[in-house]
Amino acid sequence: MLWDHYVFRRGNAVHELWDSLLQDRPAKLLYIAGRGFDVRAQAVMREFVAGQRGAGRRTVSAKLLLLGLDGYELDKRIQELTDENAAALKAAFSPLGETTTITIETPEGEEEASASDALRQRVKTVLDEMGGKTDIILDVSSLPRATYLALLTNILQKLVPNKTAVEGGAHPLYANGVNFQVLVAEDAKLDGQIRAEDPSNDLLNIPGFFAAWQAERVQDWPLVWFPVLGEGRVNQLQKIAGSIPTEAEVCPVVPHPSKDPRQADRLLVEYREPLFDSRKTPTSNILYAHELQPFEAYRQLLGAMLRYQHSMTILGGCRLVMTPLGSKLITLGAGLACFEMRPSDLNAKYGVAIPHAEPRRYLASVELLQQSKPDVSLLLLTGEAYSATG
Amino acid sequence: MRDQNAAKMLAKVMGWEDLEAVPQVLPTLQLLADFKYDHYQRFGPGRRFIESLALWLHQFEPQDRSTALRLVLDHLVFISDAELSHLVRTAYRDWIVQERMRLVSEEHEIPSFKVQEIARHRRFEQLRLTSLYLGLSDGARTNELRRASDGEIGNEQIWQAYELGDEKAGDMLDELAASLQKAGFPSDAPHFNLIWLLDDFSGSGNTYIRYDGASRRFKGKLPKIYQRLHQRGMVDPSHYEVFLMLYTATRQAIDHIEYWSERFTTDHGFKPLQVRILCPIESEVSLSRSSDTELQALLANPAYCNNSVVDKNFLVGGTDDAGLGFAGCALPVVLGHNTPNNSVFLLWGPEQFKPHGLFPRVSRHREF
């Protein structure tokens with residue numbers, strides 16, 4: 001397990017970590033954020049920039065990559081908020097460095113190919129900016145799920161090309177000392193009120209994962225589906241469920257513990273029809289993942305995937321399909337499990353797929369977004385933290 | 001009983017003759033019953049939830065039954081055995097190991113984010129060996145915790161009870177000396193450094209610590225443990241930390257334990273107690289916060305409570321009215337293995353009483 005020991009901080013502990021990690025060190029920063037409507041990204045960036053301008057910090061270079069997110073139907077006020085948010089993020093970062101906005105045009109026509117292509121291009125543009133950087137910061141607060149999962153897993157793939165520890169060598173996560181941190185501003189109540197609607201009929205595959213999971217040659221491999229349940233996303237799940245064979249093993253994942261102790265029960269009731277009435281999924285298959293602890297969710301999901309992969313070797317192989325629809329922190333944990341589980345051998349007798357039904361419309365209250373006081377969390381995934389020496 | 005007969009029973013008791021309400025409520029109840037409620041360990045052999053629910057609802061006047069059903073549908077917090085086991089599995093990696101890392105970081109001035117360096121430090125291993133784990137009740141699941149540690153907690157470091165006799169304490173210290181010697185940390189007078197006190201649930205905190213005004217003494221499990229740890233030389237008085245780890249607890253209990261344990265440890269010159277709660281239950285969950293006036297009337301109705309359950313142990317909670325449960329906590333909480341008496345009587349009332357609870361409780365000691 002790569003993150004047997006991990007670095008996860010919340011609230012004030014995030015600042016303490018930055019003070020310790022970035023103190024008296026020449027930093028070449030790449031800060032990646034979404035040009036989305038979620039103004040919570042501003043809170044995270046202001047806190048980071050204020051810290052980096054403090055005593056004892058040395059910024060050699062800094063660049064903000066703002067990822068433009070075209071192709072969504074947003075009402076006029078939300079669109080205005082998106083533009084205001086972009087301007088505010090740029091202004092907040094300006095004391096440290098310049099901003100580059102990346103916009104990938106989605107051409108009219110073949111929707112699935114173009115959406116997948118746009119995502120691949122967005123990821124490639126980000127990866128191309130990583131050279132020579134000491135610190136990479138991915139703020140997922142205002143990024144859509146498919147985008148931040150693609151960035152998380154592909155940045156990790158570039159930094160950690162070999163996941164196997166070598167006797168006497170550096171830990172794989174040392175990654176030549178490049179510190180990769182993921183920031184999340186979460187407000188569970190607000191997240192539950194942002195409605196993602198009208199999911200695309202055509203599934204988007206996260207780049208780097210098993211795109212051929214529906215191909216003829218692997219149809220004999222049993223399929224294990226891990227839908228990570230989240231509030232208000234039944235329509236997205238149903239789009240994906242259409243591609244999951246009825247005989248698939250289904251292991252729903254619910255948040256526990258959660259701030260709301262009835263949350264797991266509510267989600268089961270919400271997803272009753274597609275998962276339990278239609279598919280007769282046994283409730284004994286249900287897995288639990290901590291709502292606020294992504295490394296616990298990672299451990300649970302990785303453990304379950306390894307168990308199935310091991311058992312199904314007898315049947316010649318298996319397809320592991322993850323559908324993360326839960327909170328951002330659980331989704332990040334699921335992303336880490338998928339990254340670690342992804343086979344590096346092209347001839348491996350299993351594959352990991354993350355098909356996603358991207359919503360085409362988001363509905364949110366501008367007032368609630370502006371009033372939100374999110375909790376900031378940080379996952380430090382690679383770099384000095386994983387060096388065994390002082 | 002077959003599902004179909006149980007469903008008919010429920011429909012009959014609820015007066016759902018037009019059967020319109022059935023498809024709205026029954027599939028939800030059946031799903032949750034299959035997921036959690038059927039597994040309540042105090043149900044008799046063969047007894048399942050829907051049948052129990054119908055019998056429970058039948059005790060109420062017909063006009064009160066829909067309110068009683070709302071208590072189940074809208075408020076019940078059922079923490080299943082599987083959920084408690086999941087909490088125990090998170091305890092070691094995400095709490096206990098993290099505290100050891102913090103200590104090594106502080107003692108050796110290693111930045112706390114340098115997790116690989118800390119994990120390879122000799123002190124990290126030494127603290128693993130000098131950790132002692134004590135169960136505070138039979139809900140502490142000490143065996144599960146040991147298994148979740150993947151062999152990092154030895155049999156000799158864990159005990160399912162907090163009442164350590166002289167012989168047991170001596171054995172544990174001898175075993176500690178041997179394991180330290182084997183790992184290259186020889187010591188003439190070994191002591192435990194980190195004490196983990198484990199339990200599954202606290203609703204009010206009273207059984208852990210309380211101040212008895214009449215005798216001007218602190219009572220409860222925590223004062224006893226502190227005294228014994230010091231009396232038997234289990235810890236070096238200048239260098240130890242005590243953690244109370246509860247898998248779940250109410251905010252009322254957390255506040256109570258933190259307040260009174262600080263008073264106690266300060267008064268006696270002991271190291272402060274550090275409280276760690278894996279799944280806190282916030283105050284909003286308490287039914288006393290509900291704005292549902294019909295539900296409040298149901299809970300206050302003396303016909304739906306039986307105060308014969310009030311005994312000297314119940315009175316410790318400061319109330320002689322069983323309706324809202326021990327210490328008036330008014331919880332809607334059921335644990336998969338037993339219902340706490342901090343919940344409302346309608347959930348935990350023992351089976352032999354009228355009315356009885358939906359998830360009847362079996363007492364850990366004789367309560368009535």
Side-chain angles (χ1 to χ4, degrees), chain A residues 1 3-9 13 16-21 23 170-171 173-174 179 181 252 254 256-262 264-266 268-273 275-277 281-284 286-291 293 295-297 299-300 303 378 380 383-390, chain B residues 25 27-39 73-80 82-87 89-91 93-95 97-98 100-101 105 108-121 124 148 150 247-248 250 277-282 284-285 331-333:
Chain A
M1 185 175 287
W3 287 278
D4 190 19
H5 297 294
Y6 58 80
V7 184
F8 176 59
R9 301 287 188 271
E16 287 164 22
L17 178 83
W18 283 336
D19 283 342
S20 183
L21 179 68
Q23 195 72 18
H171 191 283
L173 296 179
Y174 176 60
N179 304 299
Q181 49 178 295
V254 292
H256 175 79
S258 163
K259 275 185 180 169
D260 172 3
R262 289 168 53 86
D265 299 6
R266 281 189 224 284
L268 288 202
V269 172
E270 191 177 343
Y271 287 82
R272 194 190 80 219
E273 200 289 316
L275 290 181
F276 300 98
D277 291 356
T281 301
T283 52
S284 54
I286 291 168
L287 301 173
Y288 300 99
H290 199 303
E291 183 179 61
Q293 219 307 7
F295 289 97
E296 198 276 332
R299 214 166 41 234
Q300 291 298 326
L378 182 155
L380 181 57
E384 292 174 54
Y386 302 93
S387 164
T389 53
Chain B
V25 174
T28 294
L29 286 169
Q30 280 172 327
L31 175 63
L32 293 174
D34 185 44
F35 178 41
K36 291 182 164 179
Y37 307 155
D38 278 348
H39 309 289
L73 287 169
D74 298 345
H75 297 280
L76 176 63
V77 174
F78 191 107
I79 302 176
S80 68
E83 286 174 325
L84 270 171
S85 287
H86 175 242
L87 292 174
R89 286 198 300 277
T90 70
R93 295 274 160 225
D94 298 321
W95 294 82
V97 169
Q98 302 307 314
R100 270 203 343 260
M101 296 195 108
S105 160
H108 295 271
E109 296 185 343
I110 302 170
S112 63
F113 72 86
K114 302 208 76 170
V115 287
Q116 280 298 328
E117 188 181 342
I118 292 169
R120 289 189 177 202
H121 199 283
F124 185 67
D150 285 332
Y247 305 138
T248 181
T250 63
I277 311 296
L278 277 56
C279 178
I281 296 172
E282 299 301 341
E284 305 88 83
V285 167
L331 295 179
V333 174

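A quick note: this is a predicted structure, and the numbers were derived from the prediction, not measured. Each chain gets a letter, A, B and so on, in the order its sequence line appears, and its residues count up from 1.
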Novice: Could you tell me which of Val77(B), Val285(B), Asp94(B) has the largest number of non-hydrogen atom pairs under 4.5 Å with chain A?
Specialist: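 When all of Val77(B), Val285(B), Asp94(B) are compared, Asp94(B) has the most.
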
Novice: Which atom pair, heavy atoms only, marks the closest approach of Phe35(B) to Asp265(A)?
Specialist: CE2-OD1, 3.9 Å

Novice: Measure Tyr288(A) against the heavy atoms of chain B and call it side chain, backbone, both or neither at under 4.5 Å.
Specialist: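 Looking at Tyr288(A), backbone and side chain both touch chain B.
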
Novice: Could you report the tightest heavy-atom contact between Phe113(B) and Ser20(A), atom names first, then the distance?
Specialist: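 Here Phe113(B) and Ser20(A) meet closest at CE2-OG, 3.3 Å.
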
Novice: Could you tell me the separation between the CD atom of Glu117(B) and the NE2 atom of His171(A), rounded to the nearest 0.5 Å?
Specialist: 14.0 Å

Novice: Under a 4.5 Å heavy-atom cut-off, does chain A meet the side chain of Pro27(B), its backbone, both or neither?
Specialist: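 Both backbone and side chain.
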
Novice: Which answer fits Leu76(B), side chain, backbone, both or neither, if we ask what part of it has an atom under 4.5 Å from a heavy atom of chain A?
Specialist: both

Novice: Give me the atom names and distance for the closest heavy-atom approach of Pro257(A) to His86(B).
Specialist: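 Looks like CD-CE1, 4.2 Å.
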
Novice: For Gln300(A), give me all partners under side-chain hydrogen bond (donor to acceptor under 3.5 Å, both in side chains), at least two apart in sequence or on another chain.
Specialist: Glu296(A)

Novice: Measuring heavy-atom distances to chain A, does Glu284(B) have an atom under 4.5 Å in its side chain, in its backbone, in both, or in neither?
Specialist: neither

Novice: Non-hydrogen atoms of chain B under 4.5 Å away: do they reach the side chain of Arg266(A), the backbone, both or neither?
Specialist: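 Contact with chain B is absent: no heavy atom of Arg266(A) under 4.5 Å.
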
Novice: Looking only at heavy atoms, what is the nearest atom pair of Leu268(A) and Leu31(B), with distance?
Specialist: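 Closest approach of Leu268(A) to Leu31(B), heavy atoms only: O-CD2, 3.4 Å.
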
Novice: Between Arg120(B), Glu83(B), Arg89(B), His121(B), who has the most heavy-atom pairs with chain A when the cutoff is under 4.5 Å?
Specialist: Glu83(B)

Novice: Identify which part of Val333(B) has an atom lying under 4.5 Å from any heavy atom of chain A, answering side chain, backbone, both or neither.
Specialist: neither

Novice: What is the distance from atom CD of Gln116(B) to atom CG of Asp4(A), rounded to the nearest 0.5 Å?
Specialist: 8.0 Å

Novice: Can you name the residues that form a side-chain hydrogen bond (donor to acceptor under 3.5 Å, both in side chains) with His5(A), not counting sequence neighbours?
Specialist: none

Novice: With a 4.5 angstrom heavy-atom cut-off, is it the side chain or the backbone of Leu87(B) that approaches chain A, or both, or neither?
Specialist: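 Interface part for Leu87(B): side chain.
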
Novice: Can you tell me how far CZ of Phe8(A) sits from CD of Gln98(B), rounded to the nearest 0.5 angstrom?
Specialist: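 Taking CD in Gln98(B) and CZ in Phe8(A), the distance rounds to 10.5 Å.
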
Novice: Under a 4.5 Å cutoff for heavy-atom pairs, which residue among Gln293(A), Glu384(A), Arg272(A) has the most contacts with chain B?
Specialist: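 So the answer, after comparing Gln293(A), Glu384(A), Arg272(A), is Arg272(A).
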
Novice: Rounded to the nearest 0.5 Å, what separates atom OH in Tyr6(A) from atom CE in Met101(B)?
Specialist: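 If we round to the nearest 0.5 Å, Tyr6(A):OH and Met101(B):CE are 9.5 Å apart.
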
Novice: Name the residue from Leu29(B), Leu73(B), Thr28(B) that meets the side chain to side chain contact (heavy atoms under 4.5 Å, CB included) definition with Val269(A).
Specialist: Thr28(B)

Novice: Side chain from CB out, backbone as N, CA, C, O: work out which of these in Ser80(B) comes under 4.5 Å of a heavy atom of chain A, or both, or neither.
Specialist: side chain

Novice: From Leu278(B) CG over to His290(A) NE2, what is the distance, rounded to the nearest 0.5 angstrom?
Specialist: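 Atom-to-atom, Leu278(B):CG and His290(A):NE2 are 7.0 Å apart.
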
Novice: Between His256(A) and chain B, with a heavy-atom cut-off of 4.5 Å, which part of the residue counts as in contact: side chain, backbone, both or neither?
Specialist: both

Novice: Is chain A contacted by the side chain of Tyr37(B), its backbone, both, or neither, given a heavy-atom distance below 4.5 Å?
Specialist: side chain

Novice: Which answer fits Thr248(B), side chain, backbone, both or neither, if we ask what part of it has an atom under 4.5 Å from a heavy atom of chain A?
Specialist: neither

Novice: Is Arg93(B) in contact with chain A via its backbone, its side chain, both, or neither, using a 4.5 Å heavy-atom distance?
Specialist: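 When you check distances to chain A, atoms from both the backbone and side chain of Arg93(B) fall under 4.5 Å.
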
Novice: What part of Leu380(A) is in contact with chain B, defined as an atom under 4.5 angstrom from a non-hydrogen atom: side chain, backbone, both or neither?
Specialist: side chain

Novice: Less than 4.5 Å to any heavy atom of chain B: does that hold for the side chain of Ile286(A), its backbone, both, or neither?
Specialist: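 Contact with chain B involves the side chain of Ile286(A) alone.
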
Novice: Counting only non-hydrogen atoms closer than 4.5 Å, does Glu282(B) touch chain A with its backbone (N, CA, C, O), its side chain (CB onward), both, or neither?
Specialist: neither

